[in-house]
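Below is one structure; the comments refer to it alone.
Note that the coordinates shown come from a computational prediction; the quantities given were computed from them, not determined experimentally. Remember, it's 1-based here, ligands and their atoms both numbered in the order they're listed.
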Amino acid sequence: MKSIAGKALLLAAAMALVFQAALFAKGQTAGNTHAVVFKSTGNPFGEKLMDGFEEGIKEQGGTVIRRAPDLPTAEAQIQIIDQLVAQKVASITISANDFDALQPVLTKAKNAGIRIVTADSSVNPASRSVHINQADTKLIGETLVEAAYDQAGGSGEIAILSATSQASNQNAWIAVMQETLKQPKYSSLNLVKIAYGDDLRDKSVTETEGLLLSYPNLKVIVAPTTVGIAAAGKVISDRGLTGKVKITGLGLPSEMAEYIDNGACPYMFLWNPIDLGYLASYAAVALAGGKISGNEGDQFGGGKLGNYAVIKAPEGGTEVILGPPYKFDKANINEWKAVY
Ligand code: RAM
């Protein structure tokens, strides 16, 4: 940059950095820029979550940085967080690809005065101020087991098609499912395999095909991921297995309407990802502005969603729960498919 205008720009940028450094020295956060980081690109659930976050931040007069890596790995998110620390954002809201691996970079962010919120998929309690959970973890796991039991007719082989093997949210739900399956009521259900489609469409299709090949008596595939359940819906429909192998889990109505209509998926569950991101934005601003610290008992306004309380999280640390999981079936899917 040789022009005078270029030099002036550099000088202005340098002065802004000095100003921000002074703010940080006083322990304040710079500016009103809030970042949201999803697990990976190309996931409509993540896009909706970030849309909701952006809506909420703009409503509160802030600006937003939206980021997501190409692949759902912790390493890729670490790079993004490093960049956000350099950009001195006021807060980072992240749907994490790993429970523990982000701790060093998130600690670095925290030490730079950046508030850390997780939404959808958490990190360990030491690495976050608060987790914005879509619904109670135990309730989600138990609901999915009950759905599998119902759709299998009470007995037989079931399989789980998950996201990545490191995904904190899926792993927490699966742990509850495994625990719930130990109850006498479910003793005739046999969980034959947990497959990982990595929240990638093609890998989820391949993994579904693998399940069908390895387990010809499979009755139900439970996919606690919107990418996985849509891929399973496609495979079951394309192969004419509708009714023979049922699918349930967590799906986006817009992606699943076709498979609910054709009977491949009798019913499934989810929550509003736009609201999840929106609620996280209110928590992020409240934290960055020092109105809450993320401790149990804290209360904050969630904009149009009303007031929310910070409670103890089962894994330690604290969380805020958006609401209960919502059931989608033939009766209501057409009403919801245009919403998210
Ligand atoms: C996928 C992602 C996300 C999860 C939903 C249900 O889109 O894995 O983290 O919450 O499914």
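- Which of Asn169, Leu276, Leu270 comes nearest to atom 4 (C) of ligand 1 through a heavy atom is settled by distance: it is Asn169.
- Between the side chain of Ser122 and the main chain of Thr118, no donor-acceptor pair closer than 3.5 Å is present.
- Considering backbone and side-chain N/O atoms, Gln170 comes within less than 3.5 Å of an N/O atom of ligand 1.
- Of the possible polar contacts, none joining the Thr248 side chain to the Ala148 backbone as a donor-acceptor pair under 3.5 Å is found.
- Residue Lys39 approaches ligand 1 through these ligand atoms, each under 4.0 Å from one of its heavy atoms: 2 (C), 3 (C), 8 (O), 9 (O).
- Among protein heavy atoms, atom 3 (C) of ligand 1 sits closest to Asp120 OD2, 3.4 Å.
- Not a single heavy atom of Phe269 sits under 4.0 Å from any atom of ligand 1.
- Judged purely by distance below 3.5 Å, without hydrogens or angles, the side chains of Tyr278 and Glu59 pair a donor atom with an acceptor atom.
- With salt bridges taken as basic N to acidic carboxylate O contacts below 4.0 Å, none links Glu47 and Lys39.
- Under a 4.0 Å criterion applied to the non-hydrogen atoms of Asn43, ligand 1 contributes the atoms 1 (C), 2 (C), 7 (O).
- For ligand 1, the polar-atom distance check against Ser95 finds no nitrogen or oxygen pair separated by under 3.5 Å.
- Heavy-atom contacts of Gln134 reach the following atoms of ligand 1: 10 (O) (cutoff under 4.0 Å).
- By the 4.0 Å N-to-carboxylate-O rule, Lys193 lies too far from Glu207 to be salt-bridged with it.
- Here the protein heavy atom with the shortest distance to atom 8 (O) of ligand 1 is Asp199 OD2, 2.6 Å.
- Atom-to-atom distance recorded for Gln166:CD and Ser162:OG is 11.0 Å, nearest 0.5 angstrom.
- Ligand-side atoms of ligand 1 in range of Trp173: 10 (O), range being under 4.0 angstrom from any heavy atom.
- Remark: side-chain polar atoms of Arg66 are not paired, donor with acceptor, to backbone N or O of Glu54 under 3.5 angstrom.
- Using cut-offs of 30° and 60° on the angle between ring planes, the pair Phe328 and Trp336 is perpendicular.
- Contacts between Thr226 and ligand 1, counted as non-hydrogen atom pairs separated by less than 4.0 Å, involve both the backbone and the side chain.
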